[in-house]
Each structure stands twice: as C-alpha cells, then as structure tokens.
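Input: a single structure, listed below in structure tokens.
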Number of protein chains: 2
Amino acid sequence: MDLTTAYRRYLAAVVRFHLAAADAGGLGATDYQAASLLDSEGPMTSGELGRMLRLSPSATTRAVDRLIAAGIAERAADPDDRRRILVRHTGLLPDGLLDLLARVQEPIGAAVAGLTDAQREGLEVYLRAATEAYRGALDR
Amino acid sequence: MDLTTAYRRYLAAVVRFHLAAADAGGLGATDYQAASLLDSEGPMTSGELGRMLRLSPSATTRAVDRLIAAGIAERAADPDDRRRILVRHTGLLPDGLLDLLARVQEPIGAAVAGLTDAQREGLEVYLRAATEAYRGALDR
DNA sequence: TGCAACTATTGCACGTGTGCAACTAAGGAG
DNA sequence: CTCCTTAGTTGCACACGTGCAATAGTTGCA
C-alpha cells in the first residue's frame, strides 16, 4: 500500500472518528469544533470563534449556549472592552467523549513514542505544514 | 511549541478544514464522509456503508440518493445477491470541493516530498497507527 | 413449495442547527 | 453630548438530516 492510499484512508478515519466522538459526547459537529478550538487555541471572544468557524453571530451565540449547558465552556466579560465576551474552555468534556478519546490516545502515543528522533522530526514537519496549509486554505 | 500542542492544533485544523470543504461542495458532513469512504475503500454495499457510518438503513439510502444527485456516486446491482446494491464513487467531485482540496494538497505534498527516508518512515508509522487506532476505537 | 430472514427503499414526523432581522449595550469620533 | 460603529443576544421561520414503521423484492432453508 503506497503512502497516498494510506493517507486517504487515514484522513477518512480521522474525520469519521472525530464526528463519531462528537456524537458520543452529545455534541453536534459545530459544537465539537468550537470546543476543539477553545481547547487548542485558548480563550477567545465570541466574534473570533464565529469567524474561525464561519458562523453567523447568532449561530455562534447558540453554539456557545450549548457548550455552556454541557459544562464545556464558560463566558467571561472582557475587561478591556465590555461589549466583548470571552469564551473559554472549562477543561471538562462529556464522559462518552473522553472515553473515546482515551482509546486512541494510548495506541497513537505508543507508536509516536517508539519513533527515532529523525522519524519524529518527519511527523512534526508534516503536522506543522498540514496545519498551516489547512488554515491558509480556509483564510482565502 | 511542543508536539502535543502542535498535534491538538493539527487535529482541530484537519476536522475544521474537511467540514468546510464538505460545505464548499454543497455536501453535509454525512455525505462527505460517505464520499471519502467510497473513494478510499472502494465500492461497497449500501449496508456496509451504513454500518461504517453508523447510520440507519433509511438514512443511508437518503445519503446515497444525495451523492447520486450530485454526481459523486452511482448505484449498481450486485451480481451475487440481487438484494444488495453496490455503491461506487464516480470519481467526480463538486468544483468548490476540488478547489479547496487542491489548495492543501500542493503545500502538504511539497513538505512530504522534502522529507528524508527516515523522516518519511516516521510519518508512515504514524499514519498507519492512527488509522488503525481510530477504526478500532469505533468498532468497540 | 412455503416460510423466515435479509436488503434496500419510501412515507412520515420530528429534532436540531442555521440565518435574517430587530434589539440592547458599549465604545469612539466629531 | 450626539451620532455612528461594533459586539453580542433573542424572536422567528425555515431547511436539512434522521429514525421509525411499513413495504417490495430476494435468498435460503425446511
């Protein structure tokens, strides 16, 4: 099996898994993405979140409402500009979601831990290039 | 920035990009996943597709209907069992979707092409381990 | 041949997420 | 102070995907 085929299967599996994980946690795709962003990028305003997810202001408000109801996020006033509302991840996640994430973290972590320095470097190069490419493609 | 942080950002970007790509092609998340599976795994019956996506039979039929209407997939009779319907990818994709995919394939391909053999090996190990882990986690 | 199990499709009704438009509150320029 | 812009929230209506139940066609076993 060549690298391209392996890559296509990998991508399909990643997306499928994460959508299933969202579902297992009782979250829609939008809410799951919002939670992921808040987790990986840190607190941000409602507007920033909406722009990143390409959501209307109202849809953003509703998504944050749902995350708060689920205990995943919380709102805080922005001290610099009281029109803005900071949204931040509480660190909590639904149990079903945590279970599913834990199942993949172990085997993947083990595989990465077994890599030589040069091999891990290759993975890092890919991760950074792909992250930048994905973001860049959406910015245009 | 450590590897774990880079990885979290990468995952968020991957999922976000692919959902945005689906949207750009006028597809819902389910249809996009179905198309990805048909592309990477080859033709399969409606039932197999539904089980992989964890969809009810009726939702599966509807998803395939939409893919066919979009020209992405087609149905074919299964010669061995005429109850079954084989679904296969036509190779076509909506223009907006192709555009977005092309934008990321180039920079990612360039980054991977620049890897040494050892580095590329590391990436391959990760891709295969992750694919298996994601699939395994959903099978249980 | 008759009958049970299986595959896929359709009618129907429901829940969910979304955008638009109107509104409130807060900042900034004149 | 007044006006204009920006940030976020709410009422409302709509489109979409989904599951359930019923149906048609097919297979295989008794």
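Values below: every heavy atom of this structure, side chains too, minus hydrogens, waters and symmetry copies. Chain letters run A, B, ... following the sequence lines, proteins first, then strands; residues in each count from 1. Here the structure is a predicted model, which is why all the values come from computation and not from measurement.
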With a 4.0 Å cutoff (strictly under), does any side-chain N or O of [X] reach OP1 or OP2 of [N]?
X: A/Arg62; N: C/dT18; result: no
X: B/Ser46; N: C/dT9; result: yes
X: B/Arg75; N: C/dT7; result: no
X: A/Arg82; N: D/dA7; result: no
X: B/Thr30; N: D/dT18; result: yes

Is it true that B/Glu41 and B/Arg135 make a salt bridge, defined as a side-chain N closer than 4.0 Å to a carboxylate O?
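Looking at B/Arg135 together with B/Glu41, the answer is yes, because their closest N to O distance falls below 4.0 Å.
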How close do [X] and [Y] get, counting heavy atoms only, and between which atoms?
X: A/Ala73; Y: A/Thr90; result: C-CG2, 3.7 Å
X: A/Ala6; Y: B/Thr131; result: O-OG1, 4.4 Å
X: A/Leu37; Y: A/Met44; result: O-CE, 4.0 Å

Atom OG1 in B/Thr60, atom CD1 in B/Ile85: separation rounded to 0.5 Å?
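It is 13.0 Å, given to the nearest 0.5 Å.
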Here DNA chain D, pairs taken as Watson-Crick or G-U under 3.5 Å and shown with ( ), [ ] when crossing and | when to another strand, reads ||||||||||||||||||||||||||||||
Given DNA chain C, 5'-ward residue of the pair A/Ala63 and B/Leu86, judged by closest heavy atom:
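Looking at DNA chain C, the more 5' nearest nucleotide goes with B/Leu86.
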Provide, to the nearest angstrom, the distance between the [atom1] atom belonging to [X] and the [atom2] atom belonging to [N].
X: A/Arg66; N: C/dG15; atom1: CZ; atom2: C1'; result: 12 Å
X: A/Asp78; N: C/dA26; atom1: CG; atom2: P; result: 13 Å
X: B/Asp81; N: D/dA24; atom1: CG; atom2: P; result: 20 Å
X: A/Asp23; N: D/dG17; atom1: CG; atom2: P; result: 16 Å

Closest to the A/Arg84 side chain, choosing from C/dT10, D/dT27, D/dA7:
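When the side chain of A/Arg84 is considered, D/dA7 is the closest of C/dT10, D/dT27, D/dA7.
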Is the base of C/dC20 touched by the side chain of A/Ser56 through a donor-acceptor pair closer than 3.5 angstrom?
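When only heavy-atom distances are counted, A/Ser56 does not reach the base of C/dC20 through any donor-acceptor pair under 3.5 Å.
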Parallel, tilted or perpendicular: which describes the rings of B/His18 and B/Tyr32, with under 30° parallel and over 60° perpendicular?
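B/His18 vs B/Tyr32 ring planes: tilted.
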